[in-house]
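Note on naming: letters A, B, ... go to the chains in the order of the sequence lines (proteins, then strands), and numbering restarts at 1 for each one.
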Amino acid sequence: MSSSEDEMPLARGRRKPNGRAVLPGKADPVEDESMDIDATDGKVSKVINGTSSKRKAAMKPAIKDEDDDEESDSAPLSKRRRTTVNGTKKQLVDSDDEDDIPLSSSRRRSTKSMKEDSESDFEDDDDVPLQKLAKDKKNTEKPTPKAAKATPKGKQAAKATPKTQSATKRKPKDETPSDASDSDIPIAKQRKTASAKKSKAVKNEEDSEEPTPAKAKKGKGKAEAPAPKKAAKGKAKKEEEAEEGASPDGEEQTDEYKWWLAEQNDGNQKWETLQHSGVMFPPPYELLPKHIKMKYDGTPITLAPEAEEVAGFMAALLEAPQASDKKFLENFFADWKTVLKETGGAKDKDGKTVKIQSYDKCDFRPMFEHFTALKEAKKAMSAAEKKEAKAEREKIEEPYQYCQWDGRKEKVGNFRVEPPGLFRGRGEHPKRGMYKKRVYPEQITLNIGKEATVPPPPKGHKWGNIVHNQTASWLAMWTENINGNVKYVMLAVTSSLKGQSDFKKYEKARELKKHIEKIRREYTQELSDKQTMVRQRATAIYLIDKFALRAGNEKGEDEADTVGCCSLRYEHVTLEEPNLVHFKFLGKDSIQFDQVYTVDKQVFKNLRIFKKAPKGPGDDLFDRIQTKHINEWFKDHMPGLSAKVFRTYNASWTMQQELSKMKNVGTVMEKHAAYNEANKKVAILCNHQRTKSKMHDSQMEKKMYEIKALMYQKWRLKQMILNLEPKLKKKKPEYFKPDEEIDDEDWIKEHQQWLIEEEKKKIEKKFAKDNEKLVANGEKEMKASELNSRLSVLSDMKKDFAKENKSKKVEAAGKSPSVEKFEEQIAKIDDKIQVKTGMMKDKENTSEVSLGTSKINYIDPRLSVVFCKKFGVPLERIFPKTLRDKFKWAIESVDENWEF
DNA sequence: CACGGCCATTCCGTATCATTGAC
DNA sequence: CGTCAATGATACGGAATGGCCGT
């Protein structure tokens with residue numbers, strides 16, 4: 001049985017715990033490839049043959065041959081491979097093959113030897129002139145391991161970029177604004193000057209377009225209202241901040257730390273002093289009321305608190321998709337049974353133990369219904385009650401919200417300990433459904449200043465550990481039980497610390513600008529390197545650069561099967577002559593990556609080689625490289641360079657290109673739409689998707705129907721005009737044609753039916769309501785005959801429609817009908833149609849693209865700020881409040897000439 | 001180990017619809 | 001009786017948050 005499993009071509013399940021895909025009964029394709037390559041040249045092939053024989057000899061121990069291997073580059077790879085291969089025996093046999101095709105694995109041996117294949121591939125490959133080989137050889141030897149590695153050491157020093165310093169000179173470190181409102185004066189000023197410079201026309205538009213009026217009408221004076229007016233702005237801002245400074249003395253917000261005006265602290269130390277309140281725990285579990293009991297095999301059962309709690313987690317999901325996910329249920333059930341065992345199991349009403357053996361016999365419904373009722377009760381709370389509850393919550397949270405970081409008040413991010421629950425995972429995570437346990441203070445380590453007072457642990461508990469790690473930015477941590485991952489409590493994204501690293505991230509990306517040409521030149525050249533490893537590396541880097549792929553570390557058996565660049569497998573890439581590549585795989589978070597790209601010829605050729613038989617589904621495309629190899633290469637070309645930097649760089653670069661194409665014309669709304677369009681390009685580049693909501697299609701259909709209904713109404717009105725002025729038809733025949741969407745008799749008839757139905761419902765509803773009222777007033781209900789008479793309009797409608805359908809004419813309706821009146825109504829309908837189609841398009845357009853992620857993480861915020869300044873678009877249109885906070889550094893530090 | 005990225009979910013304000021009352 | 005404004009209820013969609021994922 002196990003042998004048959006070995007033969008399964010599927011990747012999944014054949015991965016070793018370390019994640020390497022294992023080729024069952026197959027030796028390393030890699031080496032063959034390199035042999036082949038080298039074989040193109042007589043001289044080299046000699047070397048290779050040496051290697052190969054060595055390899056054969058040292059097949060399983062593998063590692064050793066590296067040292068004496070002359071072709072150092074390929075050796076490490078084979079080493080890696082060897083260590084993970086399970087079918088050692090087979091390989092050994094295979095490797096006896098004279099052809100040096102260890103692959104052999106009878107399962108998919110190609111008739112043509114791999115050697116031949118590759119040879120031909122590289123032969124028609126004139127990118128690698130023979131004479132060059134000697135030189136290349138040298139090159140490849142040079143950058144061997146250790147020597148290169150030393151370089152990135154300068155990284156730390158280089159990190160404090162000159163840019164940072166230049167920003168520094170503006171103001172000395174300890175400069176503190178005199179009061180809170182002070183901080184927004186500069187903005188106001190900038191804004192003023194900017195908008196003054198910008199066209200007045202724009203401002204007028206703003207006034208007319210902004211949703212402000214509506215809000216104002218509502219009497220909400222909130223600063224949030226996009227009121228572009230300078231004066232209004234300043235005032236509003238102040239209010240806002242006053243509100244935020246919860247404490248009565250508006251003092252505390254005053255010395256907001258403008259790190260971008262300050263000296264950068266270099267080195268590893270993150271703080272000097274640190275005081276905080278620790279973490280907030282979820283409320284303890286409260287037992288369900290006695291009468292709420294789940295059933296097993298029809299018997300109501302009593303559970304220990306923890307077992308009941310876990311059961312409740314499942315009960316809550318009864319109508320969620322998880323409830324029909326076998327794996328989820330299986331994992332849940334296993335963990336739940338463990339809890340049951342530990343807590344004395346389930347008892348019936350007489351205290352007799354009930355054995356829980358089958359999920360199918362569990363009935364969580366009573367619990368589910370109880371939860372649903374609770375939810376509704378909560379929803380039904382009066383506004384005042386809700387407000388009170390909220391205030392109470394906030395009061396409890398208050399101490400955790402902020403910490404003192406080097407004496408400054410900084411916002412804390414996730415101070416709440418994650419509550420227990422069932423692990424959800426993304427995609428087909430093998431651990432989904434497992435019980436995520438409650439975290440107790442004893443498991444928590446606090447990181448806090450030596451001088452600080454340690455926050456008291458919850459009563460009856462103590463903290464697991466207290467440390468004073470000044471090189472760490474976390475305030476607290478614990479280890480979660482599902483994957484054994486460490487969870488950290490850190491500062492909020494709006495904190496100065498995070499702001500600084502955000503800033504550094506973008507500066508790093510901008511630094512790449514200076515190197516990108518050289519980098520591209522070099523990897524392009526390496527695309528035709530004679531060594532497979534180098535080629536694979538170059539190809540991978542090409543993909544990372546062009547298509548913004550992630551690096552793609554190996555993953556373990558107990559993680560979802562998702563891939564990035566280096567972990568792409570055979571089946572993820574399909575080639576289509578002459579140079580189209582179809583990528584289809586699950587990326588981070590199990591998000592589908594499904595794109596067809598045109599690639600460089602050489603890249604296409606390389607991919608074809610990397611897919612050569614005997615590789616098949618389940619095999620690594622880049623079998624000779626790992627992320628560490630590309631990372632080493634990156635670091636050699638620029639300190640701190642990584643695949644992520646490419647993503648940031650390309651995203652921001654794309655945005656800059658798109659924005660610079662734009663002209664300062666049109667309304668604010670149009671400009672905003674254009675911005676979103678650019679944003680969308682970036683999102684697509686980064687493959688930021690969102691799942692179309694389940695409702696999406698039906699909502700679309702509904703909208704479409706509404707639009708058609710409007711068109712029909714319009715058409716009828718036009719017919720009525722004709723009814724009044726038949727002559728008009730000759731004058732403007734186009735005008736009186738029905739929209740083609742509704743040019744369909746069957747549809748019209750259906751629609752008429754629908755209209756009648758709707759009308760009927762409406763009348764019945766009204767009747768019922770009227771009756772209710774009468775009863776409430778102690779009067780008698782109306783009789784059914786009244787309803788019938790009211791419903792008689794329906795038959796009139798029917799008749800009218802029938803008549804219309806026959807005569808193709810519509811009688812003018814309404815009192816004192818006139819052409820003008822009809823035209824007015826038509827205009828209104830046209831407006832509605834316009835609006836609706838616009839909304840539809842927009843919705844469809846962004847239904848599967850998520851703009852947020854790239855806006856938050858990849859597009860240099862300074863680009864957006866510049867955009868707003870240049871085009872007079874209120875920043876609030878682009879950045880909602882939290883983003884304005886997060887990007888304060890960007891908002892306050894650029895003028896409109898700034899470039900990425 | 002530590003940190004940033006990233007989608008789904010939840011939260012919350014606004015738009016829209018329905019209802020009522022005044023004119 | 002129709003219209004319009006005011007008000008209330010609800011649906012909707014963007015913003016904030018949460019917690020899982022990858023490097």
### Message
Using a 4.0 Å heavy-atom cut-off, does A/Asn469 contact any base of the nucleic acid, only the sugar-phosphate backbone, or nothing at all?
### Response
sugar-phosphate
## Note on the structure
DNA chain C nearest-nucleotide lookup for A/Lys411 and A/Arg550: closer to the 5′ end is A/Lys411
### Query
Looking across every strand, which nucleic acid part, if any, lies under 4.0 Å from A/Ser642 by heavy atom: base, sugar-phosphate, or nothing?
nothing
### Task
Measure from the side-chain heavy atoms of A/His429 and tell me the nearest of C/dC21, C/dG22, C/dA16.
C/dC21
#### Entry: Residue closer to the 5' end of DNA chain C, A/Val417 versus A/Lys644 (nearest nucleotide)
A/Val417
### Summary
When rounded to the nearest 0.5 Å, the distance separating CD1 of A/Ile856 from NZ of A/Lys886 is 6.5 Å
### Task
Determine the contact category for A/Ile591: base if any of its heavy atoms lies under 4.0 Å from a base atom, sugar-phosphate if only primed atoms, P, OP1 or OP2 are that close, otherwise nothing.
sugar-phosphate
### Task
Check the pair A/Thr562, A/Lys555 against side chain to side chain donor-acceptor pair (under 3.5 Å), reporting the backbone distance first and the verdict last.
CA-CA 8 Å; A/Thr562 62; A/Lys555 298 189 73 183; 2.9 Å; yes
### Task
Whole angstrom is fine here: how far is it from NZ in A/Lys505 over to C1' in B/dC3?
11 Å
### Query
Contact class for A/Pro419 vs. all strands (heavy atom < 4.0 Å): base, sugar-phosphate, or nothing?
sugar-phosphate
#### Entry: First encountered from the 5' end of DNA chain B, between A/Arg424 and A/Ile856
A/Ile856
### Summary
Applied to residues 679-689 of chain A, the salt bridge (charged side-chain N to carboxylate O under 4.0 Å, His left out) test, sequence neighbours excluded, yields A/Glu658-A/Lys681
#### Entry: Side-chain N or O of A/Lys270 closer than 4.0 Å to phosphate OP1/OP2 of B/dC3
yes
### Task
Ignoring backbone atoms, establish whether A/Ser473 has a side-chain N or O less than 4.0 Å from OP1 or OP2 of B/dC3.
yes
### A/Phe593 and A/Phe585 aromatic ring geometry - parallel, tilted or perpendicular at 30°/60° bounds
parallel
### Query
Side-chain N or O of A/Asn553 less than 4.0 angstrom from OP1 or OP2 on C/dG22?
no
### Query
Quick one: does A/Lys588 reach the base of B/dG5 with a side-chain donor-acceptor pair under 3.5 Å?
yes
### Query
How far does CG of A/Leu274 sit from CH2 of A/Trp474, to the nearest 0.5 angstrom?
10.5 Å
#### Entry: From C/dG22, C/dA15, C/dG19, nucleotide with atom closest to A/Lys555 side chain
C/dG22
### Query
Under 4.0 angstrom, heavy atoms only, what part of the nucleic acid is A/Lys386 near: base, sugar-phosphate, or nothing?
nothing
### Query
A/Asn857 has a side chain; which of B/dG5, C/dG18, B/dC3 sits nearest to it?
B/dG5
### Message
With a cut-off of less than 4.0 Å, is there a side-chain N or O of A/Tyr488 near OP1 or OP2 of B/dC3?
### Response
no
### Task
In whole angstrom, give the distance that lies between atom CG of A/Leu422 and atom P of B/dA8.
19 Å
### Task
For A/Ser501, report the nucleic acid contact type (base, sugar-phosphate, nothing); a contact means any heavy atom under 4.0 Å.
sugar-phosphate
### Task
May I ask you to say what A/Lys390 touches in the nucleic acid, namely base, sugar-phosphate or nothing, with a heavy-atom cut-off under 4.0 Å?
sugar-phosphate
### Query
Atom CD of A/Gln269 to atom P of B/dA2: distance rounded to whole Å?
15 Å
### Message
Just N and O in the side chain of A/Lys436: are any of them under 4.0 Å from OP1 or OP2 of C/dC20?
### Response
yes
### Task
Using a 4.0 Å heavy-atom cut-off across all strands, classify A/Ser590 as base, sugar-phosphate, or nothing.
nothing
### Task
Give one of base, sugar-phosphate or nothing for A/Gly564, where a contact means two heavy atoms less than 4.0 Å apart.
nothing
### Query
Is any side-chain nitrogen or oxygen of A/Thr882 closer than 4.0 Å to OP1 or OP2 of C/dA16?
yes
### Task
Mind checking A/Arg647 for me? I need base, sugar-phosphate or nothing, with any heavy atom below 4.0 Å counting as a touch.
sugar-phosphate
### Query
Stepwise, does the salt bridge (Lys or Arg N to Asp or Glu O under 4.0 Å) test hold for A/Asp561 with A/Arg569?
CA-CA 11 Å; A/Asp561 179 25; A/Arg569 297 195 298 269; 2.8 Å; yes
#### Entry: Interatomic distance, A/His688 NE2 vs B/dC6 P [rounded to whole Å]
4 Å
